[in-house]
Amino acid sequence: MKQTLIAVSVTLICVLLVCGMGGYAAAFANKREVPIYSVDRQDNYVSISFDAAWGADKTREIMNVCDEYGVKATFFLVGFWIDKYPEMVAEISSRGFEIGTHSATHPQMSKLSEAQVREELTSSSKKIFEITGKPVTLFRPPFGDYNNQLLSVAKGLGLYTIQWSVDSLDWKGLSAREIAERVQKSGSGDIILCHNNSDHIVEALPLIFEALKLKGLTFCPIGELIYKDNYYIDNTGKQILDKTAANVI
């Protein structure tokens, strides 16, 4: 009887172990990956970005204000916007601003197949390269929508997927002061989201730049803010330098 109980107990333990490990493996396999929302930096660098999908009449004014304050921003461009305003794409690049892709057609990319995702990214990146001669390394998903497949495909294409940690909400028609007040909370390593054709973005930028300058912050393009190697991303989307990796001090 005792031997039977021992055998039954051993069998139950084995079943639990197998099921438990299987559940753990399934959970690990289904782990939700996270793009870059901000960067763990203590050197007071911050980035401002402009998504461009509709309209271009404020884009040159945005660049003028940025130049006045010595700010190099990052523009994320949609493929159909590039088709409509190729001369503006060329000017953005020639004036020293960084360009990333914002997809080809601005879809909800988590609902696309892997092949469709790849086409959205490759076709839009190719259009930027053909105009600027510069390879594209940054991607911002439309609507901030993503899934593991999207992040995996983007990574395979050499693209860093970029979200934001400070949302100006400029597209909601906020006043320049309201936009600036939202952005003034920015700190070292933050990525600021704006749009190139929002109602009051041009008037808001001097307020933003003056306020963050007083906080001791310096602007740089996102490509210079993020780490390119030896990093990990925590569950909040903060990119952190892995100081345990080889050749990292």
Side-chain angles (χ1 to χ4, degrees), residues 27-51 70-77 92-93 96-104 109-110 114 117-142 144-167 186-193 212 216-249:
F28 183 80
N30 294 323
K31 178 184 176 184
R32 183 169 171 80
E33 299 297 328
V34 184
I36 300 170
Y37 282 81
S38 65
V39 183
D40 182 32
R41 297 182 63 137
Q42 308 306 317
D43 54 4
N44 289 331
Y45 277 91
V46 65
S47 292
I48 188 166
S49 59
F50 300 91
D51 290 359
V71 171
K72 290 305 179 188
T74 301
F75 286 81
F76 289 98
L77 311 181
I92 292 170
S93 177
F97 294 96
E98 183 176 51
I99 298 178
T101 175
H102 195 31
S103 80
M109 295 185 75
S110 67
E114 181 176 340
V117 168
R118 189 175 300 277
E119 174 62 21
E120 285 281 333
L121 298 178
T122 55
S123 64
S124 55
S125 296
K126 181 181 178 183
K127 289 178 181 180
I128 295 169
F129 179 76
E130 288 176 343
I131 294 173
T132 68
K134 300 174 184 177
V136 177
T137 60
L138 303 178
F139 159 59
R140 172 166 287 155
D145 174 60
Y146 68 93
N147 58 12
N148 285 6
Q149 174 183 264
L150 175 61
L151 298 184
S152 177
V153 172
K155 183 177 181 180
L157 294 172
L159 297 171
Y160 296 89
T161 303
I162 307 296
Q163 298 280 58
W164 59 87
S165 51
V166 177
D167 190 346
S186 302
S188 184
D190 273 326
I191 297 173
I192 302 164
L193 170 66
L212 296 190
L217 295 175
T218 300
F219 286 87
C220 70
I222 292 173
E224 296 178 14
L225 185 78
I226 65 174
Y227 301 119
K228 303 296 180 61
D229 299 292
N230 301 318
Y231 67 86
Y232 63 94
I233 302 173
D234 70 12
N235 61 354
T236 70
K238 179 174 285 188
Q239 188 193 41
I240 301 171
L241 187 65
D242 186 358
K243 295 180 180 179
T244 66
N247 302 319
V248 177
I249 299 176

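Keep in mind it's a predicted model, so treat the numbers as computed, not measured. Keep in mind that the numbers below use all heavy atoms, side chains included, and drop hydrogens, waters and symmetry copies.
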_Minimum side-chain heavy-atom gap Asp190-Leu217 below 4.5 Å_ = no
Give the minimum heavy-atom separation between [X] and [Y], together with the two atoms involved.
X: Met109; Y: Asp145; answer: N-OD2, 3.4 Å
X: Val34; Y: Gly237; answer: CG1-CA, 3.5 Å
X: Ser103; Y: Ser124; answer: O-CB, 3.5 Å
X: Asn148; Y: Glu33; answer: OD1-N, 2.7 Å
X: Thr74; Y: Pro221; answer: OG1-CA, 3.6 Å
X: Gln163; Y: Gly144; answer: NE2-O, 2.9 Å

*Answer yes if the side chains of Thr218 and Asn44 hold a donor-acceptor pair under 3.5 Å, and no otherwise.*
no
Taking atom [atom1] of [X] as the centre, does the number of heavy atoms from other residues, nucleotides or ligands within less than 6.0 Å exceed 12?
X: Lys126; atom1: NZ; result: no
X: Tyr45; atom1: OH; result: no
X: Lys134; atom1: NZ; result: yes

Separation between [atom1] of [X] and [atom2] of [Y], rounded to the nearest 0.5 Å:
X: Ile128; Y: Phe75; atom1: CD1; atom2: CZ; value: 12.5 Å
X: Ser125; Y: Glu120; atom1: OG; atom2: CD; value: 10.5 Å
X: Phe139; Y: Leu151; atom1: CZ; atom2: CG; value: 8.0 Å
X: Ile222; Y: Phe76; atom1: CD1; atom2: CZ; value: 4.0 Å
X: Ile191; Y: Arg140; atom1: CD1; atom2: CZ; value: 7.0 Å
X: Leu150; Y: Leu121; atom1: CG; atom2: CG; value: 6.5 Å

*Between Tyr160 and Thr137, is there a donor-acceptor pair closer than 3.5 Å when you use the side chain of the first and the backbone of the second?*
no
_Member of Leu159, Thr101, Ile162 meeting the side chain to side chain contact (heavy atoms under 4.5 Å, CB included) criterion with Leu138_ = Ile162
_Name the residue from Leu241, Ile233, Ile240 that meets the side chain to side chain contact (heavy atoms under 4.5 Å, CB included) definition with Asp40._
Ile240
*Residue pair Tyr146, Arg32: steps toward the side-chain contact (heavy atoms from CB on, under 4.5 Å) verdict*: CA-CA 10 Å; Tyr146 68 93; Arg32 183 169 171 80; 3.4 Å; yes
*What's the verdict on side-chain contact (heavy atoms from CB on, under 4.5 Å) for Tyr227 and Asp242, showing C-alpha distance, side-chain angles and the deciding distance?*
CA-CA 10 Å; Tyr227 301 119; Asp242 186 358; over 6 Å; no
